[in-house]
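Everything numeric here is computed off the predicted structure, so don't read it as measured data. Just the heavy atoms: all of them, side chains too, but no hydrogens, waters or symmetry mates, feed the values below.
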Amino acid sequence: MDGVMIKQIYRNPDSFLQQPVKVSGWVRTVRVSKAFGFIELNDGSFFKNLQIVFDQTLENFAEIAKLSVSTALTVEGELVESPGAKQPFELKAHRIVIEGLSTPEYPLQKKRHSLEFLRTIAHLRPRSNTFSAVFRVRSLAANAIHRFFQERDFVYVHTPIITGSDCEGAGEMFRVTTLDFNNLPLDQAGNIDYSQDFFGKEANLTVSGQLEAETFCLAFRNVYTFGPTFRAENSNTPRHAAEFWMVEPEIAFADLEDDMVLAEEMLKYILSYCLENAPEEMEFFNRFIDQGLIKRLEHIINSDFVRLSYTEAIGLLQNSGQTFTYPVKWGVDLQTEHERFLTEQVFKKPVFVTDYPKDIKAFYMRVNDDQRTVAAMDLLVPGVGEIIGGSQREERLEVLEQRLRDFGLDYDDYWWYLDLRKYGGVKHAGFGLGFERLIMYLTGVNNIRDVIPFPRTVKSAEF
RNA sequence: UCCUCGAUAGCUCAAUGGUAGAGCACCCGGCUGUUAACCGGGCGGUUGUUGGUUCGAGUCCAACUCGGGGAGCCA
(Lines give C-alpha, C1' and ligand atoms only; values in the text may rest on other atoms or scores of the structure.)
Protein backbone atom coordinates (compact mmCIF):
# COMPACT_ATOMS: atom_id res chain seq x y z
CA MET A 1 0.00 0.00 0.00
CA ASP A 2 1.36 3.41 -0.95
CA GLY A 3 1.48 6.05 1.72
CA VAL A 4 -0.56 9.21 1.40
CA MET A 5 0.09 12.72 2.63
CA ILE A 6 -2.15 13.98 5.41
CA LYS A 7 -2.80 17.11 3.36
CA GLN A 8 -4.32 14.98 0.61
CA ILE A 9 -6.71 13.43 3.12
CA TYR A 10 -7.83 16.80 4.47
CA ARG A 11 -8.27 18.29 1.01
CA ASN A 12 -10.22 15.36 -0.37
CA PRO A 13 -11.55 13.19 2.50
CA ASP A 14 -14.35 11.54 0.53
CA SER A 15 -11.94 9.61 -1.65
CA PHE A 16 -10.26 8.12 1.41
CA LEU A 17 -13.20 7.40 3.76
CA GLN A 18 -13.88 3.71 4.40
CA GLN A 19 -10.66 3.00 2.51
CA PRO A 20 -7.38 1.48 3.67
CA VAL A 21 -4.86 4.28 4.25
CA LYS A 22 -1.16 4.37 5.13
CA VAL A 23 0.49 7.46 6.60
CA SER A 24 3.89 8.24 8.07
CA GLY A 25 4.69 11.04 10.45
CA TRP A 26 5.72 12.18 13.89
CA VAL A 27 3.78 11.85 17.14
CA ARG A 28 2.58 15.20 18.53
CA THR A 29 0.77 13.68 21.51
CA VAL A 30 -0.48 10.34 22.80
CA ARG A 31 -3.58 10.07 25.00
CA VAL A 32 -4.17 6.64 26.33
CA SER A 33 -6.54 4.80 28.65
CA LYS A 34 -6.59 1.12 29.63
CA ALA A 35 -7.70 -0.50 26.41
CA PHE A 36 -7.35 2.14 23.70
CA GLY A 37 -5.69 5.42 22.89
CA PHE A 38 -5.33 8.35 20.52
CA ILE A 39 -2.29 9.66 18.68
CA GLU A 40 -2.06 13.04 17.00
CA LEU A 41 0.19 12.42 14.01
CA ASN A 42 1.76 15.20 11.96
CA ASP A 43 3.49 14.30 8.71
CA GLY A 44 4.77 17.77 7.79
CA SER A 45 2.61 18.01 4.67
CA PHE A 46 -0.12 19.88 6.48
CA PHE A 47 -0.58 22.18 9.44
CA LYS A 48 -3.18 19.96 11.06
CA ASN A 49 -2.64 16.52 12.58
CA LEU A 50 -4.39 13.26 11.77
CA GLN A 51 -5.92 11.53 14.78
CA ILE A 52 -4.99 7.87 15.02
CA VAL A 53 -7.17 5.56 17.11
CA PHE A 54 -5.52 2.39 18.37
CA ASP A 55 -6.60 -0.35 20.74
CA GLN A 56 -5.54 -3.60 22.38
CA THR A 57 -6.01 -5.60 19.20
CA LEU A 58 -2.60 -4.25 18.13
CA GLU A 59 0.16 -6.66 19.11
CA ASN A 60 2.37 -3.74 20.18
CA PHE A 61 -0.38 -1.84 22.01
CA ALA A 62 1.59 -1.50 25.27
CA GLU A 63 4.64 -0.21 23.45
CA ILE A 64 2.64 2.31 21.38
CA ALA A 65 0.82 3.53 24.49
CA LYS A 66 4.12 4.65 26.05
CA LEU A 67 5.64 6.42 23.05
CA SER A 68 7.41 9.72 23.57
CA VAL A 69 6.50 12.84 21.66
CA SER A 70 8.16 13.10 18.23
CA THR A 71 8.48 9.36 17.67
CA ALA A 72 8.29 8.64 13.94
CA LEU A 73 5.57 6.16 12.92
CA THR A 74 4.02 4.50 9.93
CA VAL A 75 0.36 3.70 10.47
CA GLU A 76 -1.85 1.49 8.33
CA GLY A 77 -5.57 1.39 8.91
CA GLU A 78 -8.95 2.51 7.73
CA LEU A 79 -10.05 6.12 7.51
CA VAL A 80 -13.39 6.51 9.28
CA GLU A 81 -15.64 9.35 10.31
CA SER A 82 -14.84 10.55 13.80
CA PRO A 83 -17.41 10.79 16.58
CA GLY A 84 -15.25 13.46 18.22
CA ALA A 85 -16.13 17.09 17.74
CA LYS A 86 -12.69 18.42 16.84
CA GLN A 87 -11.93 16.41 13.74
CA PRO A 88 -14.08 15.21 10.87
CA PHE A 89 -12.28 11.88 10.45
CA GLU A 90 -9.66 9.65 12.06
CA LEU A 91 -7.51 6.68 11.19
CA LYS A 92 -8.48 3.39 12.86
CA ALA A 93 -5.09 1.69 13.11
CA HIS A 94 -4.59 -1.91 12.08
CA ARG A 95 -0.83 -1.77 12.25
CA ILE A 96 1.63 0.73 13.71
CA VAL A 97 5.32 0.49 12.86
CA ILE A 98 7.87 2.52 14.80
CA GLU A 99 10.24 4.18 12.32
CA GLY A 100 12.35 6.11 14.78
CA LEU A 101 12.09 6.42 18.53
CA SER A 102 12.17 9.62 20.49
CA THR A 103 12.90 10.03 24.19
CA PRO A 104 11.17 11.57 27.22
CA GLU A 105 13.78 14.34 27.16
CA TYR A 106 12.38 15.72 23.90
CA PRO A 107 12.35 19.46 24.62
CA LEU A 108 9.09 20.39 22.92
CA GLN A 109 6.29 19.79 25.35
CA LYS A 110 2.59 19.47 24.73
CA LYS A 111 2.10 23.01 25.91
CA ARG A 112 2.65 26.54 24.80
CA HIS A 113 6.30 27.57 24.75
CA SER A 114 7.70 31.08 24.66
CA LEU A 115 9.20 32.17 21.35
CA GLU A 116 12.38 33.06 23.25
CA PHE A 117 12.80 29.48 24.42
CA LEU A 118 12.03 28.07 20.99
CA ARG A 119 14.78 30.28 19.53
CA THR A 120 17.29 28.34 21.64
CA ILE A 121 16.21 25.11 19.91
CA ALA A 122 16.03 26.40 16.35
CA HIS A 123 16.75 22.90 15.04
CA LEU A 124 13.55 21.55 16.63
CA ARG A 125 11.20 24.50 16.49
CA PRO A 126 9.97 23.78 12.94
CA ARG A 127 8.08 20.92 14.62
CA SER A 128 6.01 23.34 16.69
CA ASN A 129 2.65 24.66 15.52
CA THR A 130 3.80 28.26 15.26
CA PHE A 131 6.90 27.56 13.20
CA SER A 132 5.18 24.95 11.09
CA ALA A 133 2.78 27.71 10.11
CA VAL A 134 5.37 30.49 9.77
CA PHE A 135 7.70 28.62 7.47
CA ARG A 136 4.98 27.16 5.29
CA VAL A 137 3.67 30.68 4.78
CA ARG A 138 7.20 31.92 4.14
CA SER A 139 7.54 29.35 1.38
CA LEU A 140 4.18 30.30 -0.12
CA ALA A 141 5.01 34.01 0.02
CA ALA A 142 8.27 33.38 -1.84
CA ASN A 143 6.35 31.49 -4.48
CA ALA A 144 3.77 34.29 -4.68
CA ILE A 145 6.54 36.80 -5.37
CA HIS A 146 7.88 34.76 -8.28
CA ARG A 147 4.39 34.16 -9.63
CA PHE A 148 3.53 37.84 -9.43
CA PHE A 149 6.57 38.95 -11.39
CA GLN A 150 6.71 36.04 -13.81
CA GLU A 151 3.04 36.52 -14.72
CA ARG A 152 4.01 40.08 -15.68
CA ASP A 153 7.03 38.92 -17.72
CA PHE A 154 9.64 40.30 -15.34
CA VAL A 155 13.07 38.68 -15.66
CA TYR A 156 14.54 37.22 -12.49
CA VAL A 157 18.15 38.44 -12.09
CA HIS A 158 20.71 36.82 -9.82
CA THR A 159 22.79 39.78 -8.72
CA PRO A 160 26.08 38.95 -7.01
CA ILE A 161 26.28 38.10 -3.34
CA ILE A 162 29.97 38.95 -3.19
CA THR A 163 30.48 42.45 -4.44
CA GLY A 164 33.63 44.25 -5.43
CA SER A 165 32.00 47.65 -5.24
CA ASP A 166 32.21 49.20 -1.82
CA CYS A 167 29.88 51.89 -3.05
CA GLU A 168 26.47 50.38 -2.59
CA GLY A 169 26.02 52.83 0.21
CA ALA A 170 23.20 51.09 2.06
CA GLY A 171 25.04 50.26 5.24
CA GLU A 172 27.97 48.58 6.93
CA MET A 173 29.32 45.58 5.02
CA PHE A 174 30.82 42.22 5.90
CA ARG A 175 34.33 41.83 4.51
CA VAL A 176 35.07 38.82 2.31
CA THR A 177 38.73 37.86 2.37
CA THR A 178 41.17 34.97 2.35
CA LEU A 179 43.99 37.01 3.88
CA ASP A 180 45.67 35.59 6.97
CA PHE A 181 44.69 37.90 9.81
CA ASN A 182 47.79 36.92 11.73
CA ASN A 183 50.05 37.88 8.87
CA LEU A 184 48.46 40.65 6.83
CA PRO A 185 50.38 41.78 3.73
CA LEU A 186 51.17 45.49 3.81
CA ASP A 187 51.92 47.89 0.99
CA GLN A 188 54.71 50.46 1.02
CA ALA A 189 52.54 52.94 2.90
CA GLY A 190 51.90 50.38 5.59
CA ASN A 191 48.27 49.78 4.65
CA ILE A 192 46.79 46.35 4.06
CA ASP A 193 47.68 45.25 0.53
CA TYR A 194 44.42 43.96 -0.91
CA SER A 195 46.07 43.25 -4.26
CA GLN A 196 47.21 40.04 -2.60
CA ASP A 197 43.68 39.14 -1.52
CA PHE A 198 41.53 36.58 -3.36
CA PHE A 199 39.86 39.09 -5.67
CA GLY A 200 42.86 41.38 -5.86
CA LYS A 201 40.82 44.11 -4.24
CA GLU A 202 38.52 44.64 -1.30
CA ALA A 203 35.37 42.55 -1.47
CA ASN A 204 32.26 42.46 0.64
CA LEU A 205 28.90 40.75 0.97
CA THR A 206 26.20 42.65 -0.84
CA VAL A 207 23.93 45.10 0.93
CA SER A 208 21.70 45.54 -2.10
CA GLY A 209 21.40 44.22 -5.62
CA GLN A 210 19.91 47.44 -6.89
CA LEU A 211 22.80 48.92 -8.86
CA GLU A 212 23.43 45.65 -10.67
CA ALA A 213 19.69 45.14 -11.18
CA GLU A 214 19.55 48.51 -12.92
CA THR A 215 21.96 47.21 -15.56
CA PHE A 216 19.56 44.38 -16.37
CA CYS A 217 16.60 46.74 -16.16
CA LEU A 218 18.08 48.75 -19.02
CA ALA A 219 18.35 45.57 -21.07
CA PHE A 220 15.26 43.54 -20.12
CA ARG A 221 12.99 46.44 -19.19
CA ASN A 222 11.34 44.82 -16.17
CA VAL A 223 13.42 42.74 -13.78
CA TYR A 224 13.52 41.67 -10.16
CA THR A 225 16.01 40.21 -7.75
CA PHE A 226 15.15 38.00 -4.81
CA GLY A 227 17.98 36.82 -2.63
CA PRO A 228 20.01 37.21 0.53
CA THR A 229 21.41 40.51 1.69
CA PHE A 230 23.87 41.25 4.46
CA ARG A 231 24.22 44.21 6.78
CA ALA A 232 26.93 44.39 9.42
CA GLU A 233 25.08 46.97 11.45
CA ASN A 234 24.97 46.84 15.22
CA SER A 235 21.19 46.87 15.23
CA ASN A 236 19.45 45.29 18.18
CA THR A 237 15.77 45.41 17.34
CA PRO A 238 12.99 42.96 16.53
CA ARG A 239 13.06 44.18 12.92
CA HIS A 240 16.75 43.84 11.96
CA ALA A 241 18.91 40.88 11.03
CA ALA A 242 22.45 40.66 9.67
CA GLU A 243 21.31 38.25 6.94
CA PHE A 244 17.92 38.74 5.37
CA TRP A 245 16.21 38.42 2.02
CA MET A 246 15.19 41.23 -0.20
CA VAL A 247 13.02 41.59 -3.28
CA GLU A 248 14.14 44.36 -5.60
CA PRO A 249 12.16 45.01 -8.78
CA GLU A 250 13.43 47.56 -11.25
CA ILE A 251 11.24 48.86 -14.08
CA ALA A 252 12.21 50.88 -17.16
CA PHE A 253 10.21 53.62 -18.88
CA ALA A 254 8.56 54.09 -15.52
CA ASP A 255 8.28 56.82 -12.93
CA LEU A 256 7.62 56.95 -9.20
CA GLU A 257 3.86 56.57 -9.63
CA ASP A 258 4.38 53.40 -11.71
CA ASP A 259 6.70 52.19 -8.96
CA MET A 260 4.05 52.68 -6.27
CA VAL A 261 1.36 51.00 -8.37
CA LEU A 262 3.66 48.02 -8.74
CA ALA A 263 4.44 47.88 -5.02
CA GLU A 264 0.79 48.08 -4.06
CA GLU A 265 -0.29 45.41 -6.55
CA MET A 266 2.54 43.14 -5.47
CA LEU A 267 1.71 43.39 -1.78
CA LYS A 268 -1.98 42.75 -2.36
CA TYR A 269 -1.15 39.80 -4.58
CA ILE A 270 1.06 38.19 -1.93
CA LEU A 271 -1.49 38.73 0.85
CA SER A 272 -4.30 37.27 -1.25
CA TYR A 273 -2.17 34.33 -2.33
CA CYS A 274 -1.29 33.35 1.24
CA LEU A 275 -4.81 33.80 2.59
CA GLU A 276 -6.05 31.58 -0.22
CA ASN A 277 -3.37 28.90 -0.07
CA ALA A 278 -2.69 28.68 3.66
CA PRO A 279 -6.11 29.13 5.28
CA GLU A 280 -5.34 26.86 8.25
CA GLU A 281 -2.06 28.61 9.00
CA MET A 282 -3.60 32.07 8.68
CA GLU A 283 -6.45 31.04 10.95
CA PHE A 284 -3.88 29.84 13.50
CA PHE A 285 -2.06 33.20 13.44
CA ASN A 286 -5.39 34.95 13.76
CA ARG A 287 -6.25 32.97 16.89
CA PHE A 288 -2.94 32.63 18.71
CA ILE A 289 -0.50 35.25 17.45
CA ASP A 290 -2.45 38.32 16.44
CA GLN A 291 -6.22 38.58 16.89
CA GLY A 292 -7.75 40.53 14.04
CA LEU A 293 -4.94 39.68 11.61
CA ILE A 294 -7.13 38.25 8.85
CA LYS A 295 -9.60 41.11 9.02
CA ARG A 296 -6.76 43.59 8.77
CA LEU A 297 -5.14 41.85 5.81
CA GLU A 298 -8.46 41.61 4.00
CA HIS A 299 -9.05 45.29 4.66
CA ILE A 300 -5.71 46.08 3.09
CA ILE A 301 -6.39 43.98 0.02
CA ASN A 302 -9.62 45.89 -0.52
CA SER A 303 -8.44 49.42 0.16
CA ASP A 304 -6.30 51.91 -1.70
CA PHE A 305 -2.95 52.70 -0.12
CA VAL A 306 -2.51 56.29 0.98
CA ARG A 307 -0.13 58.52 -0.98
CA LEU A 308 1.24 61.38 1.01
CA SER A 309 4.17 63.61 0.20
CA TYR A 310 6.80 64.15 2.85
CA THR A 311 5.89 67.84 2.91
CA GLU A 312 2.22 66.99 3.47
CA ALA A 313 3.20 64.49 6.16
CA ILE A 314 5.19 67.16 8.02
CA GLY A 315 2.23 69.53 7.90
CA LEU A 316 -0.14 66.81 9.04
CA LEU A 317 2.08 65.87 11.96
CA GLN A 318 2.61 69.48 12.98
CA ASN A 319 -1.13 70.15 13.01
CA SER A 320 -2.06 66.86 14.68
CA GLY A 321 -2.07 68.24 18.22
CA GLN A 322 0.02 65.22 19.14
CA THR A 323 3.14 65.74 21.24
CA PHE A 324 6.17 63.83 19.96
CA THR A 325 9.46 63.09 21.66
CA TYR A 326 11.26 64.29 18.55
CA PRO A 327 10.18 67.57 16.98
CA VAL A 328 8.69 67.53 13.51
CA LYS A 329 10.54 69.79 11.13
CA TRP A 330 10.86 69.98 7.35
CA GLY A 331 14.28 68.66 6.32
CA VAL A 332 14.61 66.16 9.13
CA ASP A 333 13.81 62.51 8.51
CA LEU A 334 10.63 61.08 10.01
CA GLN A 335 11.16 59.25 13.30
CA THR A 336 9.62 55.90 14.05
CA GLU A 337 7.04 57.57 16.30
CA HIS A 338 5.97 59.82 13.40
CA GLU A 339 5.73 56.92 10.98
CA ARG A 340 3.70 54.87 13.43
CA PHE A 341 1.39 57.77 14.10
CA LEU A 342 0.69 58.19 10.39
CA THR A 343 0.10 54.55 9.52
CA GLU A 344 -1.46 53.33 12.79
CA GLN A 345 -3.40 56.34 14.10
CA VAL A 346 -4.24 58.61 11.20
CA PHE A 347 -4.83 56.24 8.28
CA LYS A 348 -4.83 52.75 9.81
CA LYS A 349 -3.53 51.26 6.56
CA PRO A 350 -0.39 51.30 4.40
CA VAL A 351 0.90 54.76 3.57
CA PHE A 352 3.34 55.77 0.85
CA VAL A 353 5.35 58.77 1.94
CA THR A 354 6.93 60.36 -1.13
CA ASP A 355 9.28 63.13 -2.24
CA TYR A 356 11.66 63.40 0.68
CA PRO A 357 14.24 66.20 1.03
CA LYS A 358 17.16 65.32 -1.21
CA ASP A 359 19.74 65.75 1.52
CA ILE A 360 18.44 62.82 3.59
CA LYS A 361 18.15 60.31 0.73
CA ALA A 362 20.55 58.36 -1.48
CA PHE A 363 22.51 59.86 -4.36
CA TYR A 364 20.79 57.79 -7.07
CA MET A 365 17.29 59.10 -6.39
CA ARG A 366 15.88 61.42 -9.06
CA VAL A 367 15.90 65.10 -8.19
CA ASN A 368 12.45 66.68 -8.49
CA ASP A 369 11.75 69.91 -10.37
CA ASP A 370 11.61 71.82 -7.08
CA GLN A 371 15.32 71.02 -6.63
CA ARG A 372 14.67 70.39 -2.92
CA THR A 373 13.21 66.89 -2.97
CA VAL A 374 13.80 63.55 -4.67
CA ALA A 375 11.33 61.09 -6.18
CA ALA A 376 11.57 58.62 -3.30
CA MET A 377 8.92 56.60 -1.56
CA ASP A 378 8.74 54.64 1.68
CA LEU A 379 5.82 52.34 2.34
CA LEU A 380 4.84 52.31 6.00
CA VAL A 381 2.54 49.61 7.35
CA PRO A 382 0.88 49.32 10.75
CA GLY A 383 2.81 47.24 13.25
CA VAL A 384 5.95 46.74 11.20
CA GLY A 385 6.88 50.21 10.00
CA GLU A 386 8.94 50.66 6.87
CA ILE A 387 8.50 47.60 4.68
CA ILE A 388 9.44 49.04 1.29
CA GLY A 389 11.86 51.76 0.27
CA GLY A 390 12.06 52.83 -3.35
CA SER A 391 12.58 55.63 -5.79
CA GLN A 392 12.68 56.79 -9.36
CA ARG A 393 16.35 56.67 -10.34
CA GLU A 394 18.28 59.69 -11.57
CA GLU A 395 18.63 59.04 -15.31
CA ARG A 396 20.15 62.42 -16.29
CA LEU A 397 23.91 61.98 -16.51
CA GLU A 398 24.91 65.51 -15.59
CA VAL A 399 22.51 65.59 -12.63
CA LEU A 400 23.76 62.22 -11.39
CA GLU A 401 27.37 63.40 -11.68
CA GLN A 402 26.50 66.48 -9.65
CA ARG A 403 24.83 64.28 -7.02
CA LEU A 404 27.96 62.13 -6.76
CA ARG A 405 29.99 65.28 -6.18
CA ASP A 406 27.49 66.50 -3.57
CA PHE A 407 27.85 63.23 -1.71
CA GLY A 408 31.63 63.25 -1.99
CA LEU A 409 31.65 60.06 -4.05
CA ASP A 410 34.20 59.09 -6.67
CA TYR A 411 33.17 58.80 -10.36
CA ASP A 412 35.65 55.97 -10.82
CA ASP A 413 33.72 53.75 -8.44
CA TYR A 414 30.55 54.27 -10.47
CA TRP A 415 31.85 54.24 -14.03
CA TRP A 416 29.61 51.41 -15.14
CA TYR A 417 26.61 52.87 -13.34
CA LEU A 418 27.20 56.17 -15.15
CA ASP A 419 27.53 54.30 -18.47
CA LEU A 420 23.89 53.26 -18.14
CA ARG A 421 22.99 56.96 -18.45
CA LYS A 422 25.17 57.46 -21.53
CA TYR A 423 23.87 54.65 -23.71
CA GLY A 424 20.12 54.97 -24.01
CA GLY A 425 19.41 55.89 -20.45
CA VAL A 426 15.71 56.14 -19.71
CA LYS A 427 13.60 56.97 -16.74
CA HIS A 428 13.31 53.99 -14.47
CA ALA A 429 12.35 53.15 -10.92
CA GLY A 430 12.45 50.38 -8.38
CA PHE A 431 12.12 49.46 -4.76
CA GLY A 432 13.37 47.07 -2.12
CA LEU A 433 11.01 44.93 -0.08
CA GLY A 434 12.28 43.40 3.14
CA PHE A 435 11.05 39.83 2.74
CA GLU A 436 11.13 39.02 6.47
CA ARG A 437 9.27 42.22 7.30
CA LEU A 438 6.63 41.11 4.84
CA ILE A 439 6.39 37.74 6.60
CA MET A 440 6.07 39.51 9.95
CA TYR A 441 3.29 41.62 8.56
CA LEU A 442 1.61 38.59 7.04
CA THR A 443 1.75 36.38 10.13
CA GLY A 444 1.56 38.87 12.99
CA VAL A 445 4.84 37.52 14.38
CA ASN A 446 6.62 40.56 15.76
CA ASN A 447 10.26 39.46 15.95
CA ILE A 448 12.30 38.93 12.78
CA ARG A 449 14.21 36.14 14.53
CA ASP A 450 11.02 34.09 14.42
CA VAL A 451 10.45 34.28 10.67
CA ILE A 452 13.99 33.20 9.67
CA PRO A 453 14.89 29.51 10.06
CA PHE A 454 18.31 30.25 11.57
CA PRO A 455 18.54 33.97 12.25
CA ARG A 456 21.86 35.78 12.21
CA THR A 457 21.88 38.83 14.44
CA VAL A 458 24.44 40.76 16.46
CA LYS A 459 26.37 38.31 18.66
CA SER A 460 24.27 35.40 17.46
CA ALA A 461 25.01 32.89 14.70
CA GLU A 462 24.09 29.64 16.44
CA PHE A 463 23.25 26.54 14.34
C1' U B 1 25.68 51.75 20.32
C1' C B 2 22.18 54.30 24.01
C1' C B 3 17.85 53.90 27.51
C1' U B 4 14.93 50.41 30.22
C1' C B 5 13.16 45.73 32.29
C1' G B 6 14.49 40.85 33.30
C1' A B 7 17.43 35.98 34.44
C1' U B 8 14.80 30.85 40.39
C1' A B 9 13.33 22.98 38.60
C1' G B 10 13.37 20.58 31.54
C1' C B 11 9.27 24.74 30.46
C1' U B 12 6.06 28.95 32.48
C1' C B 13 6.23 31.46 36.89
C1' A B 14 5.82 32.38 42.81
C1' A B 15 8.76 33.36 47.24
C1' U B 16 8.83 41.02 53.81
C1' G B 17 16.92 40.31 54.09
C1' G B 18 15.58 34.64 57.98
C1' U B 19 13.83 26.37 56.32
C1' A B 20 13.40 27.79 47.89
C1' G B 21 7.39 26.60 46.13
C1' A B 22 3.31 25.78 42.30
C1' G B 23 1.40 24.33 37.47
C1' C B 24 3.01 21.74 33.25
C1' A B 25 6.71 18.09 31.50
C1' C B 26 8.94 13.39 33.14
C1' C B 27 8.34 8.41 36.08
C1' C B 28 4.64 4.86 38.56
C1' G B 29 -0.56 3.54 39.12
C1' G B 30 -5.95 4.19 37.63
C1' C B 31 -9.56 5.16 33.75
C1' U B 32 -13.78 1.96 27.34
C1' G B 33 -14.04 8.23 22.92
C1' U B 34 -9.85 11.49 24.26
C1' U B 35 -8.96 16.76 22.25
C1' A B 36 -2.58 21.09 25.56
C1' A B 37 -7.35 14.36 28.10
C1' C B 38 -8.53 13.43 33.22
C1' C B 39 -7.65 11.38 38.62
C1' G B 40 -3.88 9.74 42.55
C1' G B 41 1.28 9.32 43.91
C1' G B 42 6.58 10.24 42.96
C1' C B 43 11.19 12.55 41.01
C1' G B 44 13.07 17.28 40.26
C1' G B 45 17.43 23.27 42.47
C1' U B 46 25.41 25.43 42.81
C1' U B 47 18.41 30.88 42.35
C1' G B 48 22.93 33.46 34.95
C1' U B 49 28.54 34.52 36.31
C1' U B 50 32.09 37.03 39.47
C1' G B 51 32.84 40.09 43.51
C1' G B 52 30.85 43.07 47.60
C1' U B 53 27.41 44.65 52.00
C1' U B 54 25.29 41.68 56.18
C1' C B 55 25.10 37.50 61.97
C1' G B 56 22.39 35.81 57.59
C1' A B 57 21.42 37.27 50.33
C1' G B 58 17.00 34.24 45.42
C1' U B 59 16.00 39.15 47.70
C1' C B 60 20.53 44.84 48.69
C1' C B 61 25.11 46.94 45.72
C1' A B 62 28.80 46.67 41.41
C1' A B 63 30.65 44.60 37.00
C1' C B 64 29.97 41.11 33.26
C1' U B 65 27.03 37.55 30.13
C1' C B 66 22.52 36.48 27.87
C1' G B 67 17.31 37.72 26.77
C1' G B 68 12.74 41.14 26.27
C1' G B 69 10.93 46.18 25.12
C1' G B 70 12.12 51.21 23.30
C1' A B 71 15.60 54.51 20.34
C1' G B 72 19.24 55.12 16.42
C1' C B 73 20.81 52.78 11.62
C1' C B 74 17.44 50.47 7.85
C1' A B 75 14.63 46.47 4.70
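No engagement by Phe435(A) is indicated, since no non-hydrogen atom pair under 4.0 Å with the nucleic acid exists. Across all strands, Gly432(A) comes closer than 4.0 Å only to sugar-phosphate atoms, never to a base (heavy-atom distances). Across all strands, Ser68(A) comes closer than 4.0 Å to no nucleic acid atom at all (heavy-atom distances). Pro83(A) comes within 4.0 angstrom of a nucleotide base, judged by non-hydrogen atoms across all strands. Among the heavy atoms of the strands lying under 4.0 Å from Asn447(A) are primed sugar atoms or P, OP1, OP2 only; no base atom is included. Using a 4.0 Å heavy-atom distance criterion, Arg119(A) is classed as a sugar-phosphate-only contact. Within 4.0 Å of Thr229(A), counting heavy atoms only, lies no atom of the nucleic acid at all. As judged by a 4.0 angstrom heavy-atom cut-off over every strand, His113(A) is placed among residues touching the sugar-phosphate backbone only. Across all strands, Lys92(A) comes closer than 4.0 Å to no nucleic acid atom at all (heavy-atom distances). Using a 4.0 Å heavy-atom distance criterion, Leu438(A) is classed as making no nucleic acid contact. Using a 4.0 Å heavy-atom cutoff across all strands shown, Glu116(A) reaches sugar-phosphate atoms only and no base atom. Counting any heavy atom pair closer than 4.0 Å across all strands shown, Phe38(A) reaches a base atom. Gln51(A) comes within 4.0 angstrom of a base, heavy atoms only. Within 4.0 Å of Gln87(A), counting heavy atoms only, lies at least one base atom of the nucleic acid.
Separation of the C1' atoms belonging to C5(B) and G48(B) is 16 Å when rounded to the nearest angstrom. Atom name P, nucleotides C2(B) and C60(B): the rounded distance is 24 Å, in whole Å. Taking atom P on both nucleotides, U47(B) is separated from C11(B) by 15 Å, rounded to a whole Å. The P atoms of A9(B) and G45(B) are separated by 10 Å, rounded to the nearest whole Å. Taking atom C1' on both A36(B) and C26(B), the two are 16 Å apart, rounded to the nearest angstrom. Using atom C1' as the reference point in both A25(B) and C13(B), the two lie 14 Å apart (nearest Å). Spacing between C27(B) and G17(B) at atom P, rounded to whole Å, works out to 39 Å.
Side-chain N/O atoms of Asp55(A) and base N/O atoms of U32(B) include no donor-acceptor pair closer than 3.5 Å. Residue-to-nucleotide contacts include no donor-acceptor pair under 3.5 Å from the side chain of Ser235(A) to the base of C74(B).
Aromatic pair Tyr364(A)/Tyr417(A): ring centres not closer than 6.0 Å. For Phe435(A) and Phe244(A), the ring centers sit 6.0 Å or farther from each other.
Looking at the side chain of Lys110(A), the nearest of the listed nucleotides A36(B), A71(B), C66(B) is A36(B). Among the nucleotides G68(B), G72(B), C27(B), the one closest to any side-chain atom of Arg449(A) is G68(B). Here G72(B) is the nucleotide among G72(B), G70(B), C24(B) with the atom lying nearest to any side-chain atom of His240(A). Here the side chain of Thr237(A) is nearest to one of G69(B), C73(B), U12(B), namely C73(B). Nearest nucleotide to the side chain of Gln109(A), out of A36(B), C24(B), C28(B): C24(B). Taking only side-chain atoms of Gln335(A), from C-beta outward, the nucleotide of A71(B), U32(B), C74(B) with the closest atom is A71(B). Minimum atom distance to the side chain of Phe36(A) is reached by G33(B), of the listed G72(B), A36(B), G33(B).
To the nearest angstrom, C1' of A75(B) lies 15 Å from CE of Met173(A). Rounded to an integer number of Å, the gap from Phe230(A) CZ to C74(B) C1' is 16 Å. In this entry the distance linking CZ of Arg239(A) with P of G72(B) reads 8 Å, nearest Å.
Arg138(A) and Glu436(A) are joined by a salt bridge, as a carboxylate oxygen and a charged side-chain nitrogen come within less than 4.0 angstrom of each other.
Between C31(B) and Lys34(A), a contact under 4.0 Å exists linking OP1 or OP2 to a side-chain N or O.
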